[in-house]
Every structure is written in C-alpha cells, then in structure tokens.
Amino acid sequence: AHTYIRIPDVGRAYKPALMDGSRNGSLILDEGGIARRHSSIHVFTLKDFVAKYRKSFPLRIRIEDGEYSSDPDESFSSGDIFWLHSVKGTASVLIRDAEHDGSNDITVPVANSSVEYGLVYSAAEGELTGSIFKTVGDIMATKPLPKMVCATKSHQTSKPNCSSVSASEILVIQEVKRVRISGYRLKVYSITEGVAKLLSSDCSAYFSTQPALTKISMHMLLKCAKIEFPVRACVFSAGSEDINATRIPVSLLNRVVILQAIVEGAQSILATNYVAGCT
C-alpha cells in the first residue's frame with residue numbers, strides 16, 4: 001500500500017529529477033525539455049519542475065537535494081523517490097485595510113474556519129451598527145436590497161407558500177419573487193437551517209444587517225451568498241484560542257475592511273512513496 005504525503009510548498013528548493021526505470025539508467029530532461037540519457041541527473045527546483053510537467057502527472061521523481069524540517073512530514077532526504085500525482089492550490093481571500101492604500105494587505109485561507117466575515121450593508125447609516133427592518137415588506141421596499149440579514153425575533157406563520165423564521169437565523173436575500181395569487185414574497189436562503197424559504201411581506205422578525213450578527217465563514221459566504229469582489233466587510237475571530245486566528249492582525253478585527261479578491265495561495269503536491277516493483 002502507498003503512503004500518501006504532501007510536499008507542502010512548491011516554492012521550496014527541493015530539486016527533483018524526472019525518472020524512467022523502463023531501461024537501464026534514467027530518462028531525464030534538460031531545461032529545453034529535450035529527453036536525453038546521461039550518467040548524471042539534471043535537476044530542477046520543484047517550482048520549475050511542476051510548472052513544466054504538471055500536465056504529465058503522475059510522474060516518478062528522485063530528490064537530489066533534500067531538506068530537513070523540524071516537522072518529520074516535511075523532511076526529505078537526498079535519494080528519496082516519489083510518485084507525484086497532483087497539485088493542489090490553497091485559495092485565500094485578499095484583505096485590505098479600508099483606511100490604507102494596500103501596503104498592509106494580507107491573505108487568509110478560505111478554509112480557515114477560525115475567521116468569520118460580516119458583510120457591510122452599503123445603505124446603512126452606520127457600517128458597524130447596520131440597519132433594522134421591522135418587516136420583510138420594509139426590506140422589499142428598499143434599494144439596494146441588503147445581501148444578508150439576521151432575524152432578531154422569531155416569527156411564526158401558517159400562510160401557504162410562506163416560511164417561519166427563528167430568532168438569530170441568518171438569511172441570504174436572493175430576490176423579490178411574485179407568487180401567483182399570494183402576491184410578492186422575499187426569496188431567501190437560510191444559512192442557519194440550510195434551506196430556501198419564501199417570506200411574506202408581513203413577516204415581522206426585526207431583521208438586522210449588523211455585520212456582527214450576520215458573520216459566517218468565507219467558505220459559506222462564497223457558496224451561499226455568491227458575493228462579488230471587492231466588497232466591504234468586518235472580520236471577526238470565531239475562536240481566539242484557535243492558532244489559525246493569529247493570521248489576522250488584531251488591528252483588523254471587528255472593523256471594516258475590503259475583501260479584494262480570492263487568490264491562489266501556496267501549492268502542495270499529493271505524492272506517494274515509490275516502492276520498487278509497484279506501479
């Protein structure tokens with residue numbers, strides 16, 4: 001059985017050589033991509049190797065210059081042989097301080113669940129306090145529609161084609177929808193319950209756009225809210241004891257920032273140890 005490992009950073013200076021064990025010696029490629037046989041191995045940095053040959057994976061390589069790390073899973077010795085199977089990039093969100101010019105931009109992995117984001121409603125009088133809409137009808141009457149709201153009170157209904165709302169339920173507003181006979185409804189997606197809902201205009205759950213109440217993970221924000229960048233938001237730590245939360249400077253927490261874009265971060269390689277006689 002193969003042991004799966006991850007070479008954590010394509011940019012690090014491991015030097016692999018492409019190998020072909022079908023004949024005596026090794027099949028290697030020079031920097032021009034020309035196959036040749038030689039008693040010595042021509043090496044590449046891992047970054048250059050991946051850029052050149054990732055479309056040809058899986059490939060078998062040998063590490064010519066290893067590297068020691070305090071983490072055993074990140075230590076590789078000269079002569080180690082691996083099958084390289086695929087390259088995976090870590091998507092991150094680029095965050096800019098709303099009060100600066102970009103010199104202090106940071107990136108935070110999308111998968112970092114210790115950080116949450118609350119969208120800022122552009123029409124609110126105060127970005128951090130947000131706006132309050134007593135009823136769904138009040139929301140439908142405003143332009144632009146807020147992207148997300150949180151119900152601060154519960155509202156139960158038995159009307160056909162209408163849903164109830166629970167206190168603290170976070171909702172993504174999708175559209176004002178005309179329903180035959182019943183009139184207009186607000187179509188929303190409940191982050192809290194994971195279902196789509198239609199809300200009647202008299203639903204009085206006192207909806208708030210305050211970022212601290214509508215905060216969710218970046219993964220959920222991208223999946224459910226389908227935001228367009230750049231967008232103003234507040235950044236919150238979902239757990240101050242989580243070590244990942246240190247990726248956000250304390251100076252940026254609980255204040256307005258600009259989410260600039262989703263960018264590809266460090267890449268890692270999925271690889272298996274090579275065992276002679278196994279393919």
Side-chain angles (χ1 to χ4, degrees), residues 93 95 98 110 113 115-239 252-260 262:
V93 57
I95 301 176
V110 169
S113 60
V115 179
E116 292 180 320
Y117 306 83
L119 297 183
V120 169
Y121 178 43
S122 60
E125 292 185 5
E127 291 187 316
L128 293 177
T129 56
S131 297
I132 291 288
F133 299 95
K134 179 180 178 180
T135 68
V136 165
D138 294 335
I139 296 177
M140 293 193 294
T142 190
K143 291 183 180 181
L145 288 173
K147 190 70 175 178
M148 298 183 67
V149 295
C150 176
T152 61
K153 296 183 178 181
S154 62
H155 178 91
Q156 302 299 316
T157 182
S158 57
K159 288 184 176 181
N161 301 318
C162 291
S163 299
S164 298
V165 175
S166 302
S168 301
E169 189 172 346
I170 300 175
L171 306 169
V172 176
I173 296 177
Q174 297 179 325
E175 64 175 327
V176 177
K177 187 177 183 68
R178 185 180 180 87
V179 180
R180 184 177 299 180
I181 301 176
S182 303
Y184 289 96
R185 297 285 185 265
L186 186 65
K187 184 180 179 181
V188 301
Y189 180 82
S190 173
I191 296 289
T192 307
E193 298 182 6
V195 296
K197 293 185 174 184
L198 289 177
L199 305 181
S200 63
S201 60
D202 64 349
C203 176
S204 55
Y206 288 79
F207 303 92
S208 173
T209 64
Q210 185 177 349
L213 298 179
T214 61
K215 61 185 179 182
I216 57 175
S217 69
M218 179 54 62
H219 172 74
M220 292 300 294
L221 201 57
L222 293 173
K223 178 181 178 180
C224 303
K226 299 179 181 179
I227 58 176
E228 296 182 0
F229 296 96
V231 62
R232 296 172 75 85
C234 291
V235 183
F236 303 92
S237 172
L252 291 184
L253 291 174
N254 308 316
R255 55 175 295 192
V256 177
V257 300
I258 301 174
L259 307 182
Q260 291 288 104
I262 297 297

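Sequential numbering from 1 along the given sequence is applied to the chain's residues. Since this is a predicted model, take the numbers as computed values, not measurements.
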Shortest non-hydrogen contact from P211 toward L119:
CG-O, 3.7 Å
Provide the closest heavy-atom pair for G118 versus T214 in the form atom of the first, atom of the second, distance.
CA-OG1, 4.1 Å
Look up atom CD1 in I170 and atom OG in S208, then write down how far apart they are to the nearest 0.5 Å.
10.5 Å
Nearest heavy atoms of K197 and S164, plus distance in Å
NZ-O, 2.9 Å
So do Y117 and I95 actually touch side chain to side chain, heavy atoms under 4.5 Å?
yes
Residues forming a salt bridge (Lys or Arg N to Asp or Glu O under 4.0 Å) with R232, sequence neighbours excluded:
E127
Set of salt bridge (Lys or Arg N to Asp or Glu O under 4.0 Å) partners for D202, sequence neighbours left out
K159
Show your working on side-chain contact (heavy atoms from CB on, under 4.5 Å) between L259 and V93 and close with a plain yes or no.
CA-CA 7 Å; L259 307 182; V93 57; 4.2 Å; yes
Work out which heavy atom in Y121 is nearest to a heavy atom in S131; give both atom names and the distance.
CD2-OG, 3.9 Å
Q174 and Y189: which non-hydrogen atoms are nearest, and at how many Å?
NE2-CB, 3.7 Å
Contacts of K147 that satisfy salt bridge (Lys or Arg N to Asp or Glu O under 4.0 Å) - sequence neighbours left out:
none
Working to the nearest 0.5 Å, report the span between SG of C234 and NZ of K215.
10.5 Å
Kindly compute the distance separating OG (S166) from NZ (K153), expressed to the nearest 0.5 Å.
15.0 Å
Expected list for residues 218-230: side-chain donor-acceptor pairs under 3.5 angstrom, two or more places apart:
none

Residue of the set L171, I139, T157, I173 for which side chain to side chain contact (heavy atoms under 4.5 Å, CB included) holds with L199
L171
Determine whether the side chains of E169 and T192 contain a donor N or O and an acceptor N or O closer than 3.5 Å.
no
Using every non-hydrogen atom in the two residues, find where S217 and E116 come nearest and quote the distance to one decimal.
N-CG, 4.2 Å
From CA spacing to verdict: side-chain contact (heavy atoms from CB on, under 4.5 Å), F133, T135:
CA-CA 6 Å; F133 299 95; T135 68; over 6 Å; no
Give the C-alpha distance, both sets of side-chain angles, the deciding distance and a yes or no for side-chain contact (heavy atoms from CB on, under 4.5 Å) between V136 and S200.
CA-CA 7 Å; V136 165; S200 63; over 6 Å; no
Pairwise distance CD1(I191) to SG(C150) - rounded to 0.5 angstrom
11.5 Å
According to side chain to side chain contact (heavy atoms under 4.5 Å, CB included), who are the partners of A212, at least two apart in sequence or on a separate chain?
Q210, F236
Quick one: side chain to side chain contact (heavy atoms under 4.5 Å, CB included) partners of S122, sequence neighbours excluded?
P144
Working note: L198 + K187, criterion side-chain contact (heavy atoms from CB on, under 4.5 Å); need CA distance, chi angles, decisive distance, verdict.
CA-CA 5 Å; L198 289 177; K187 184 180 179 181; 3.9 Å; yes
The reported gap from OG in S237 to CG in N254 (rounded to nearest 0.5 angstrom) is 8.5 Å
